Amino acid sequence: WSSAPRHLAPRDRYLGWSATSRKRNIRFIAYNTRFLILPWVHVEHLASHLLGRMVRMLPGEWQRVYDHPVYFAETFVDTERFKGTCYRAANWRRLGRSQGRGTKVKTHHVTCSIKELWAYPLGKYFRQRLLARQQRLGRPRHQHLLDLVRRQRQRLAQQGQQRGRHQHRLRPAVAQH
């Protein structure tokens with residue numbers, strides 16, 4: 001999973017996004033970059049089962065790793081090679097087709113295969129959250145590190161108090177002149 005492509009007309013239409021909404025809320029969409037079950041693996045309904053498990057786990061894992069929520073998942077299916085059947089079976093929604101330009105091309109001509117865009121809402125109020133003017137994200141991005149340092153300092157201070165007055169005390173990291 002990775003960050004979502006910026007400009008996808010079918011997704012933007014589906015969500016009702018303006019350019020401003022997209023810029024402000026694109027970080028709340030996760031993009032499934034690869035999904036492949038090797039051809040020699042034959043387990044009935046495995047693909048749709050795995051897709052279902054992934055989208056159930058995704059919001060919690062994304063929050064844990066990136067420290068902000070994710071409300072929508074999306075992926076592309078190359079229809080020259082695949083049909084997207086497993087996405088349909090896992091209740092993903094087909095939103096439309098890409099324009100075949102890729103991400104690094106500065107031209108308006110088709111340079112790669114046109115793909116189907118599939119999406120999966122990760123909650124009941126996904127659209128309202130993705131249209132919101134300002135997201136309440138909770139803690140600052142590195143707050144968990146600050147909390148860890150604070151807890152370690154408290155633990156060391158408690159250990160120092162337990163040792164008694166005449167034991168070594170913690171010294172500041174920077175020498176004071």
Side-chain angles (χ1 to χ4, degrees), residues 1-138 141 144:
W1 292 92
S2 70
S3 58
R6 277 191 311 243
H7 302 284
L8 293 176
R11 176 204 51 217
D12 295 352
R13 278 192 303 273
Y14 178 77
L15 294 175
W17 268 1
S18 64
T20 306
S21 298
R22 179 182 59 239
K23 185 176 181 180
R24 185 175 48 238
N25 295 322
I26 190 76
R27 67 181 183 259
F28 301 113
I29 295 181
Y31 174 65
N32 185 3
T33 54
R34 296 276 185 269
F35 182 69
L36 174 67
I37 296 176
L38 298 170
W40 56 83
V41 176
H42 296 284
V43 177
E44 204 168 271
H45 312 295
L46 177 63
S48 58
H49 173 76
L50 291 175
L51 285 169
R53 296 261 326 242
M54 283 193 300
V55 296
R56 282 191 300 276
M57 292 176 65
L58 181 61
E61 292 297 311
W62 195 275
Q63 179 73 42
R64 185 181 63 77
V65 172
Y66 298 109
D67 212 18
H68 69 79
V70 65
Y71 303 122
F72 198 69
E74 62 188 18
T75 193
F76 285 114
V77 173
D78 185 347
T79 54
E80 292 178 6
R81 299 178 61 203
F82 306 103
K83 295 179 183 177
T85 307
C86 63
Y87 290 98
R88 187 176 295 114
N91 295 320
W92 286 57
R93 298 173 184 170
R94 184 186 165 278
L95 300 185
R97 298 178 139 218
S98 70
Q99 295 179 350
R101 292 197 306 239
T103 58
K104 296 179 176 43
V105 178
K106 304 266 190 240
T107 180
H108 292 287
H109 303 292
V110 174
T111 58
C112 58
S113 63
I114 295 175
K115 297 173 178 69
E116 296 280 337
L117 175 62
W118 289 81
Y120 191 90
L122 297 174
K124 187 175 181 179
Y125 301 105
F126 73 97
R127 188 172 278 114
Q128 292 88 327
R129 290 179 173 142
L130 290 170
L131 289 170
R133 289 194 172 166
Q134 189 171 4
Q135 296 286 333
R136 289 180 24 207
L137 295 179
R141 181 160 170 74
H144 64 285

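All values reported here derive from a predicted model rather than from experimental measurement.
Here the side chain of Arg129 pairs no donor or acceptor atom with the backbone of Phe28 at under 3.5 angstrom.
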### Query
Ile29 and Leu15: side chain to side chain contact (heavy atoms under 4.5 Å, CB included), yes or no, with the steps?
CA-CA 11 Å; Ile29 295 181; Leu15 294 175; 4.0 Å; yes
### Task
Under the side chain to side chain contact (heavy atoms under 4.5 Å, CB included) rule, what do Leu95 and Trp118 come out as? Steps first, then yes or no, please.
CA-CA 6 Å; Leu95 300 185; Trp118 289 81; over 6 Å; no
### Message
The test is side chain to side chain contact (heavy atoms under 4.5 Å, CB included); show your working for Tyr125 and Tyr71 and say whether it passes.
### Response
CA-CA 8 Å; Tyr125 301 105; Tyr71 303 122; over 6 Å; no
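Between Thr33 and Trp1, every side-chain heavy-atom pair lies at or beyond the 4.5 Å cut-off. Looking at heavy atoms from C-beta onward, Leu8 lies in side-chain contact with Phe76 at the 4.5 angstrom threshold. Counting heavy atoms from C-beta outward, Trp17 and Asn25 have side chains that approach closer than 4.5 Å. Residues Trp62 and Pro69 have side chains not in contact (no heavy-atom distance under 4.5 Å, counting atoms from C-beta outward). Between Ile114 and Asp78 the shortest side-chain heavy-atom distance does not fall below 4.5 Å. With a 4.5 Å cut-off on side-chain heavy atoms, Tyr14 and Phe72 count as touching. Residues Met54 and Phe35 form a side-chain contact, since some pair of their non-hydrogen atoms from C-beta on lies under 4.5 Å apart.
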Donor-acceptor list for residues 84-91 side chains, cut-off 3.5 Å, not counting sequence neighbours:
none

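Qualifying salt bridge (Lys or Arg N to Asp or Glu O under 4.0 Å) partners for Glu74, counting only residues two or more places apart in sequence or in other chains: Arg11. Applying the salt bridge (Lys or Arg N to Asp or Glu O under 4.0 Å) test to Arg97 and every residue at least two apart in sequence or in another chain returns Glu116.
Atom CZ of residue Arg53 and atom CG of residue Leu58 lie 13.5 Å apart, to the nearest 0.5 angstrom. To the nearest 0.5 angstrom, Arg24 atom CZ is 12.5 Å from Ile26 atom CD1.
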